[in-house]
Amino acid sequence: MVVTTMNVPSKQLIFVHPDELKFQFELERQSFCDLKVTNNTDQNVAFKVKTTSPKRYYVRPNTGVLHPWDSCVIRVTLQAQQEYPPDMQCKDKFLLQSTIVSPNSDVDDLPQDTFNKDSGRTIEECKLRVVYVSPNSTQGNAEDDSASKPGRGLNKQTLQRIKEERDAAVRQTQQLQQELEIWRRRSRQRKSNSGFSCKFSLFVAIIGIMLGILLKLSLSPPATA
């Protein structure tokens, strides 16, 4: 398919945010950074992402076509690394190329020389640098099993609130245990008192019967021969 060269407007074709890629760097763990690219024109714009270290990063999508004023998110994933870079400095670079294409263009229909400057097409380029941040920093994103690691990704305020709620729950549990123990003691005491009362009543009844028999015997006349 032949694509005719179109006039490029004076303003930037694509707006990129953020203007640099920040990765939370930890050994043997992947990390990612999302780029939002927006078409600033009323024409279709094709884009392509390139990097100086293609084996280290995974970019999806790395090529696409944006409709007028449309936008999309590009996720750049840093593969798990086995060693730290010197002084946590990264020399990797990214390049986002963009150019105007015909209204009916689709990413699968783009010619191989779409982003080749020698084709006579006007190519706009946006350079992005890479920054590595430490795990303790709030910048950057890490892909891991955070759900299985309590406390990871939570700020100090959230951790403090969780600790206070946990302490309150422990205190309430202890109070309930104390009240339960008091109730058990009282219950045992009531049962003991109830048993004593029954025994005492039975004992008094037996004594009364014996006294009645003795009294009856003492008052009855002696038998005659």
Going from [atom1] on [X] to [atom2] on [Y], what distance comes out if it is rounded to the nearest 0.5 angstrom?
{"X": "Cys33", "Y": "Lys22", "atom1": "SG", "atom2": "NZ", "result": "9.0 Å"}
{"X": "Ile123", "Y": "Asn116", "atom1": "CD1", "atom2": "CG", "result": "8.0 Å"}
{"X": "Thr41", "Y": "Gln12", "atom1": "OG1", "atom2": "CD", "result": "11.5 Å"}
{"X": "Cys126", "Y": "Gln97", "atom1": "SG", "atom2": "CD", "result": "11.0 Å"}
{"X": "Asn39", "Y": "His67", "atom1": "CG", "atom2": "NE2", "result": "10.0 Å"}
{"X": "Leu96", "Y": "Thr51", "atom1": "CG", "atom2": "OG1", "result": "12.0 Å"}

For [X] against [Y], the heavy-atom pair lying closest together:
{"X": "Asp34", "Y": "Pro18", "result": "O-CD, 3.5 Å"}
{"X": "Tyr57", "Y": "Cys90", "result": "OH-SG, 3.7 Å"}
{"X": "Val45", "Y": "Ser98", "result": "CG1-CB, 3.9 Å"}
{"X": "Ser105", "Y": "Leu110", "result": "CB-CD2, 4.4 Å"}

Any ring pair (Phe, Tyr, Trp, His ring centres under 6.0 Å) involving residues 95-133? Give me the pairs, sequence neighbours left out, ordered by first then second residue.
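Of all non-adjacent pairs touching residues 95-133, those that pass ring pair (Phe, Tyr, Trp, His ring centres under 6.0 Å) are Phe25-Tyr132.
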For the side chain to side chain contact (heavy atoms under 4.5 Å, CB included) test, which of Val49, Leu35, Val76, Leu95 pairs with Leu128?
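In the set Val49, Leu35, Val76, Leu95, the residue that makes a side chain to side chain contact (heavy atoms under 4.5 Å, CB included) with Leu128 is Leu35.
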Taking the side chain from [X] and the backbone from [Y], do they hold a donor-acceptor pair closer than 3.5 Å?
{"X": "Arg129", "Y": "Asp19", "answer": "no"}
{"X": "Thr99", "Y": "Thr122", "answer": "yes"}
{"X": "Thr38", "Y": "Ser71", "answer": "no"}
{"X": "Asp92", "Y": "Val130", "answer": "no"}
{"X": "Asn44", "Y": "Val101", "answer": "no"}
{"X": "Gln43", "Y": "Ile100", "answer": "no"}

Dump the intermediate steps for side-chain contact (heavy atoms from CB on, under 4.5 Å) on Leu13 and Phe47, then the final yes or no.
CA-CA 10 Å; Leu13 295 179; Phe47 68 86; over 6 Å; no
Do Cys72 and Val37 come within less than 4.5 Å of each other through their side chains, counting heavy atoms only?
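Yes, at least one pair of side-chain atoms sits under 4.5 Å.
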Is there a path of hydrophobic side-chain contacts, each under 4.5 Å between heavy atoms of I/L/V/M/F/W/Y residues, joining Val73 to Phe94?
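Cluster IDs for Phe94 and Val73 differ.
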Do Leu78 and Leu27 belong to the same hydrophobic cluster, where Ile, Leu, Val, Met, Phe, Trp and Tyr are linked whenever their side-chain heavy atoms lie under 4.5 Å apart, directly or via other members?
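Yes, same cluster.
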Which residues pass the salt bridge (charged side-chain N to carboxylate O under 4.0 Å, His left out) test with Glu125, not counting sequence neighbours?
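If we apply the salt bridge (charged side-chain N to carboxylate O under 4.0 Å, His left out) test to Glu125, skipping adjacent residues, the hits are Lys117.
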Stepwise, does the side-chain contact (heavy atoms from CB on, under 4.5 Å) test hold for Asp106 with Val65?
CA-CA 6 Å; Asp106 187 77; Val65 175; 5.9 Å; no
N/O donor to acceptor pairs below 3.5 angstrom from side-chain atoms of residues 80-88, sequence neighbours left out:
{"unit_1": "Gln81", "atom_1": "NE2", "unit_2": "Gln79", "atom_2": "O", "d": "2.8"}

